Each structure stands twice: as C-alpha cells, then as structure tokens.
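A short worksheet on the structure shown next.
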Amino acid sequence: MTYRLLYLNIRARGEPIRWVLRALEVEFEEERIDMFSEWGAKKQDFKWGQTPVLEVDGEQLGQTTVICRYLGEKHNMAVEDPWIASRLQEAAEYLHDVSTLAAFAFYFRIKNDEEQKEFFMGRVRERAAVVVKNLENLVTDEAGWLLSPKMTWVDVFTAAYLDQYVDMIDGLLEEAPKLQEILGRVRSLPAIQEWIEARPPLHEFETNEGL
Ligand SMILES: N[C@@H](CCC(=O)N[C@@H](CS)C(=O)NCC(=O)O)C(=O)O
C-alpha cells in the first residue's frame, strides 16, 4: 500500500492528515503545491478539482475527514461501534467546518477587506467556542481520549486543528482542560514532535497577524 498526500503549501486542511499519517507511523510521500503559483495549472489533474487528496496505490481519495477516517479505520486507530464512530465523526466535521470560516478570514485579509475579515473572524470565534465546549464533553474521564479508551484518528485530527487555532483565538482552551491534555499528549508523540520541529513555518496567507 502506498500513500501520497497532495496538498497546498499551507497547514490548514492538510495538517490533520499529516498528523494522522505520522501518528500511524506509516510511510508516505507528500507533494506541496504552491497555492498562488502552481495550483491553477494543477487543478485539472484532480478528479474533483480540489485538495487535499490522498493517493492510495495511485487512486485519488478526497475530503479531509474521509481521508483521516479511512486511515484510522485501515490502521486500527478507530472505534468499532458505528454509533460512537458516527458521534466522533460528527464532532470532527463540526471542528473541520471552522476551517472554512478561517479560510474566508485569511482571504479577506489578503484582499485588505477589514470588514469582511472581521465578520469571518467573529464567526470563527463563535463556532470554535461551541465546538470546543462540545468536544470537551466527549473526553472520557477514564482514558482522557474522545469517546474511546484508546487514542483514535479523531484525537489526532482534533489536536492538529487545535494546534492551529490556539494561537489564532484568544482563550480558546481556557475552559477545556481535557482538550489541553489531548493536545499535549498528541503533540508529544515522537513522530508528531519531530514533524512540529521540521515543518515549514506558517505561510503568509495563514499567519495570525492582524486577525
Ligand atoms: N470539503 C473539502 C474542501 C476542500 C477545499 O476547499 N480545498 C481547498 C484548499 S483548502 C481547495 O482545493 N481550493 C482550491 C480550489 O477550490 O480551486 C475538504 O474538506 O477536503
């Protein structure tokens, strides 16, 4: 089985997939596509016209949460019960939706449209607060993971997004000690720690400056 991740040269939706692949310690290649100078010409190579895409033995699989769920299930980093699996995916999807609002805020920032940027940052803060509160309530007291006695792809996915949002949203995890703990535990996995040290700095499109 070969894995090749195709994504833009930003963290955003690519980072949860990168973290899941690394937490699983599976081999993969990555192609980083420059969002401004390369994507326009590359778009036609993508069946659904968007990234991220994971090529699995040369076949394209799209949609961030679908890719992460596939990897988790394939490599035994998932729960088996369909109801719990669906509740976990529900949470993952709501967290993932925040990334669309953040992308709009970034986009309006580069367009120097302060009013629209502020509007979308307001939506990011509003949605992130709801999502964090609900996620916090899903962490079990026994194991400290989301609805599971062991770490699943959803914990890793969640940590990868929180890693991006803690610096963007003031006080995001102030009332979420269990999520702080998950973030710390996932960040300290050797393969993730190594990636955090090696990964490229934030692209200018997605820095936290002036948000
Ligand atoms: N629902 C999809 C959304 C994918 C998406 O919007 N990708 C953006 C990059 S983060 C993209 O490919 N934009 C370029 C385009 O639409 O031309 C997912 O979660 O993967």
Side-chain angles (χ1 to χ4, degrees), residues 3-24 28-56 59-74 77-78 85-111 113 116-117 119-121 123-124 127-128 130-131 134-135 146 152-165 167-169 195 199-208 211:
Y3 293 129
R4 185 155 170 268
L5 173 63
L6 301 130
Y7 189 57
L8 307 176
N9 56 339
I10 55 176
R11 292 187 192 167
R13 292 182 169 105
E15 205 64 3
I17 305 172
R18 297 182 184 115
W19 282 40
V20 169
L21 283 161
R22 283 185 165 81
L24 289 169
F28 71 101
E29 285 175 21
E30 177 171 0
E31 184 181 344
R32 292 173 74 93
I33 302 163
D34 188 280
M35 62 187 293
F36 295 128
S37 66
E38 294 176 331
W39 172 246
K42 289 252 176 194
K43 191 177 165 86
Q44 64 196 23
D45 302 341
F46 290 75
K47 193 167 61 178
W48 295 86
Q50 288 199 317
T51 53
V53 156
L54 183 70
E55 278 183 3
V56 182
E59 271 197 70
Q60 294 190 1
L61 181 68
Q63 292 288 357
T64 311
T65 53
V66 171
I67 294 168
C68 292
R69 200 199 73 196
Y70 164 75
L71 288 168
E73 289 178 357
K74 175 86 189 165
M77 202 186 265
S86 298
R87 288 189 62 207
L88 283 172
Q89 182 166 2
E90 174 190 37
E93 298 286 356
Y94 280 117
L95 175 60
H96 180 58
D97 285 350
V98 178
S99 70
T100 303
L101 298 168
F104 275 114
F106 295 147
Y107 173 77
F108 284 114
R109 177 177 56 184
I110 58 167
K111 291 282 167 202
D113 187 332
Q116 286 295 316
K117 184 212 79 186
F119 171 79
F120 281 102
M121 275 312 292
R123 293 283 292 138
V124 166
R127 289 303 308 153
V130 172
V131 172
N134 282 299
L135 278 166
L146 290 156
T152 70
W153 69 268
V154 183
D155 296 292
V156 179
F157 178 99
T158 298
Y161 266 132
L162 293 179
D163 178 69
Q164 299 183 62
Y165 296 146
D167 296 329
M168 189 193 296
I169 305 165
W195 171 237
R199 67 186 170 179
L202 283 170
H203 188 285
E204 60 179 328
F205 178 73
E206 59 178 351
T207 62
N208 297 317
L211 286 178

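Counting starts at 1 for both ligands and their atoms, following the listed order. A quick note: this is a predicted structure, and the numbers were derived from the prediction, not measured. Residues: numbered from 1 along the sequence shown.
Ring-plane geometry between F120 and F108 is classed as parallel, the angle between the planes falling under 30 degrees on a 0 to 90 degree scale with a further cut at 60.
Using a 4.5 Å heavy-atom threshold, the side chains of W39 and T51 count as touching.
In summary, R11 and D167 do not engage in a salt bridge, as defined by a charged side-chain N under 4.0 Å from a carboxylate O.
Taking the ring centroids of F36 and H203, they lie under the 6.0 Å cut-off.
For the salt bridge (Lys or Arg N to Asp or Glu O under 4.0 Å) with E30, the qualifying choice from R22, R18, R199 is R18, the only one to do so. The one candidate from L5, N9, L6 that meets the side chain to side chain contact (heavy atoms under 4.5 Å, CB included) condition with E31 is L6.
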Between ligand 1 and the protein, which N/O pairs are shorter than 3.5 Å?
from: ligand 1; atom 1: 1 (N); to: Q63; atom 2: OE1; distance (Å): 2.7
from: ligand 1; atom 1: 6 (O); to: R13; atom 2: NH1; distance (Å): 3.1
from: ligand 1; atom 1: 6 (O); to: Q50; atom 2: NE2; distance (Å): 3.4
from: ligand 1; atom 1: 7 (N); to: T51; atom 2: O; distance (Å): 2.7
from: ligand 1; atom 1: 12 (O); to: T51; atom 2: N; distance (Å): 2.9
from: ligand 1; atom 1: 12 (O); to: T51; atom 2: O; distance (Å): 3.4
from: ligand 1; atom 1: 12 (O); to: T51; atom 2: OG1; distance (Å): 3.4
from: ligand 1; atom 1: 16 (O); to: Q50; atom 2: NE2; distance (Å): 3.0
from: ligand 1; atom 1: 17 (O); to: W39; atom 2: NE1; distance (Å): 2.9
from: ligand 1; atom 1: 17 (O); to: K43; atom 2: NZ; distance (Å): 2.5
from: ligand 1; atom 1: 19 (O); to: Q63; atom 2: OE1; distance (Å): 3.4
from: ligand 1; atom 1: 19 (O); to: T64; atom 2: OG1; distance (Å): 3.1
from: ligand 1; atom 1: 19 (O); to: H96; atom 2: NE2; distance (Å): 2.6
from: ligand 1; atom 1: 20 (O); to: T64; atom 2: N; distance (Å): 3.0
from: ligand 1; atom 1: 20 (O); to: T64; atom 2: OG1; distance (Å): 2.8

